[in-house]
Amino acid sequence: MKSSPVLEPGIRGAGHLVFILGHPVGHSLSPLMHNAAFRALQMSWVYSPLDVAKDQVQNAVEVLRSSNVEGANVTIPHKEEVMPFLDHVPKESAWLGSVNTIYRRNGKLCGTSTDGEGFLRSLGLWRRKLRGSQGLLIGAGGAAKAVGEALAGSGIKGLFIANRSFGRALNLTRLLLKRHPGLKVGVGSLKEGERLLNQCDWVVQSTSLGLKAGDSAPISLKSARRAILAVDLVYHRPTAFLQEARRIHLPNLDGLGMLLHQGALAFEYWTGRKAPLAVMRRVLLRRLSSV
Ligand code: NDP
């Protein structure tokens, strides 16, 4: 028999609930960010982590059907597994093959991904420069897929996908070309990507290198001959990639903005209210500067 995800007793009695489903999930910064947002807007909502083992995903989705649950975030490793148990997933998210946000519409549980748009919003004014640009996407995992699709949908001219394993990069290339037939897409090793830096307007580091202290950078940035934008999706610390970008004075962004904006978009799906970005950014920065 399948066991059910365990809810803390205090949580069962709370007013409006939002969960984050993952395994492990204790390290997530989302509860901090969203609970600060609810407090700032004086909403009696609670955002709580729900540690869900692989064989409990379906049960966890049943928990989300309780009338006081407004929605959820989904994180590693359940972003794909959760999809068959939802009532509706829009075409674009179905194409991505993963969701990070579950929300209710007309009594139905719907899934979407806010990662791509969250990434684009995190670029601020740089977003306007994407049309007609070309660049390097390092990595070919779930985050790279969302970011690659967001970039392709923003009118870029082309991108080169560089990844440790060629097969995964090739899969992502084929998927992107299917949806964006006019896009120029190259694919190759990390070294090949590094050699193309001098033709790039931007470079996005979307591998998990940098999650652990002491991780090396996937490529060196020294052949970037001009001031290209360097973005690292990792937000936990200044990674070796980001440190080099700063050392050689490239404009650069870490992953905090994407974390913030994907969260703000999810917040808006659940509540229908504008997310208090400044409050959310402040608590994230405070937490990250204390570790
Ligand atoms: P995945 O596990 O789906 O993909 C991991 C990627 O990293 C793959 O391309 C993998 O290459 C590569 N990789 C892993 N280890 C190494 C290594 N030692 N050397 C070279 N490449 C390596 O993870 P995600 O795509 O979900 O996440 C990737 C990163 O993005 C994480 O650091 C995550 O924290 C961050 N992220 C940030 C978000 C934000 O809001 N800022 C949102 C989502 C993710 P291969 O295919 O060869 O295995």
Side-chain angles (χ1 to χ4, degrees), residues 2 4-8 10-23 25 28 30-31 33-52 54-121 142 145-146 149-150 153 179 258-277 280:
K2 286 181 182 166
S4 292
V6 181
L7 296 188
E8 289 167 31
I11 295 296
R12 279 195 192 278
H16 299 270
L17 295 173
V18 180
F19 290 108
I20 177 163
L21 317 182
H23 184 69
V25 75
S28 171
S30 295
M33 170 168 72
H34 287 295
N35 285 322
F38 294 145
R39 275 194 305 275
L41 298 184
Q42 298 182 330
M43 298 169 71
S44 59
W45 290 41
V46 175
Y47 184 109
S48 178
L50 194 56
D51 199 316
V52 179
K54 217 173 172 63
D55 66 346
Q56 295 179 351
V57 174
Q58 184 169 9
N59 289 341
V61 174
E62 290 314 308
V63 170
L64 301 185
R65 294 184 190 279
S66 316
S67 59
N68 61 339
V69 180
E70 304 293 344
N73 277 136
V74 189
T75 188
I76 292 170
H78 302 318
K79 285 182 170 188
E80 291 95 26
E81 279 81 356
V82 80
M83 291 179 70
F85 307 119
L86 303 178
D87 303 319
H88 177 66
V89 177
K91 259 203 334 258
E92 313 74 55
S93 307
W95 175 84
L96 272 181
S98 70
V99 299
N100 73 344
T101 300
I102 298 174
Y103 59 98
R104 284 175 179 280
R105 285 297 175 275
N106 305 321
K108 289 193 161 58
L109 279 186
C110 307
T112 191
S113 173
T114 61
D115 280 341
E117 178 60 21
F119 167 76
L120 291 175
R121 290 190 183 187
K145 199 171 173 190
E149 168 60 14
R179 274 178 65 86
M258 177 170 170
L259 175 71
L260 173 71
H261 286 283
Q262 61 77 31
L265 284 159
F267 184 95
E268 288 162 19
Y269 271 106
W270 304 319
T271 66
R273 298 182 66 173
K274 203 163 158 36
L277 277 176
M280 294 162 82

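Computed from a predicted model, the values in this text were never measured in an experiment.
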Notebook entry, point to check: Does E70 reach the side chain of T271, with side-chain heavy atoms less than 4.5 Å apart?
Noted result: no
Next item on the list: Measure the shortest side-chain to side-chain distance between H78 and V25 over non-hydrogen atoms and say whether it is less than 4.5 angstrom.
Entry: no
Notebook entry, point to check: Any idea which heavy atoms bring I20 and P31 closest together, and the distance?
Noted result: CG2-CG, 4.3 Å
Notebook entry, point to check: Got L41 and P276 here, is their nearest side-chain heavy-atom distance under 4.5 Å?
Noted result: yes
Check: Do any N or O atoms from the side chain of R104 and from the backbone of R65 form a donor-acceptor pair under 3.5 angstrom?
Finding: yes
Check: Does the side chain of E81 reach to within under 4.5 Å of the side chain of Q58, using non-hydrogen atoms?
Finding: no
Notebook entry, point to check: Are the aromatic rings of W270 and H16 close, with centres under 6.0 Å apart?
Noted result: no
Next item on the list: Just do the side-chain contact (heavy atoms from CB on, under 4.5 Å) check on K79 and L96 with the steps written out, would you?
Entry: CA-CA 10 Å; K79 285 182 170 188; L96 272 181; over 6 Å; no
Notebook entry, point to check: Going through the distances and angles, do D115 and M258 end up as a side-chain contact (heavy atoms from CB on, under 4.5 Å)?
Noted result: CA-CA 7 Å; D115 280 341; M258 177 170 170; 3.9 Å; yes
Notebook entry, point to check: What's the shortest heavy-atom distance between A275 and M280, and which atoms?
Noted result: CB-SD, 3.8 Å
Item checked: side-chain contact (heavy atoms from CB on, under 4.5 Å) evaluation trace for V52 with H23 -> CA-CA 6 Å; V52 179; H23 184 69; 5.6 Å; no
Checklist line | Close side-chain approach of Y269 to R105, heavy-atom, < 4.5 Å | finding: yes
Check: Can you find a heavy atom in the side chain of E149 that is under 4.5 Å from one in the side chain of E92?
Finding: no
Notebook entry, point to check: To the nearest 0.5 Å, what is the distance between OG (S28) and CG (L259)?
Noted result: 7.5 Å
Next item on the list: Nearest 0.5 Å please: distance from the OG1 atom of T101 over to the CD atom of E268.
Entry: 11.0 Å
Checklist line | Distance-minimising heavy-atom pair for Y47 and S30 | finding: OH-CB, 3.2 Å
Margin query: Could you go through I102 and F19, starting from their C-alpha distance and side-chain angles, then the distance that decides it, and tell me whether this counts as side-chain contact (heavy atoms from CB on, under 4.5 Å)?
Written below: CA-CA 9 Å; I102 298 174; F19 290 108; over 6 Å; no
Checklist line | Atom pair CG (L50) and CG (L64), whose distance is rounded to the nearest 0.5 Å | finding: 7.5 Å
Next item on the list: Search all heavy atoms of E80 against all heavy atoms of S98 and return the closest pair with its distance.
Entry: OE2-CB, 3.9 Å
Check: Out of curiosity, K91 NZ to R179 CZ, how far, rounded to the nearest 0.5 Å?
Finding: 8.5 Å
Check: Do side-chain atoms of N73 reach the backbone of N100 as a donor and acceptor pair under 3.5 angstrom?
Finding: yes
Note to self: Ignoring hydrogens and geometry beyond distance, is a side-chain donor-acceptor pair present between T112 and S93 at under 3.5 Å?
What the structure shows: yes
Margin query: If I compare all heavy atoms of A37 with all of F267, which pair ends up nearest, and what's the gap?
Written below: CB-CE1, 3.5 Å
Check: Could you state the interatomic distance from CE (M43) to CG (N35), rounded to the nearest 0.5 Å?
Finding: 11.0 Å
Margin query: With side chain to side chain contact (heavy atoms under 4.5 Å, CB included) as the test, pick out the partner of H261 among L277, T114, L120.
Written below: L277
Notebook entry, point to check: If you take all heavy atoms of V69 and V63, which pair is closest and at what distance?
Noted result: CG2-O, 3.7 Å
Note to self: Check the orientation of W45 and F38. Use parallel for under 30°, tilted for 30 to 60°, and perpendicular for over 60°.
What the structure shows: tilted
Note to self: Taking R121 first and then E117, would you say they form a salt bridge - that is, a charged N and a carboxylate O separated by under 4.0 Å?
What the structure shows: yes
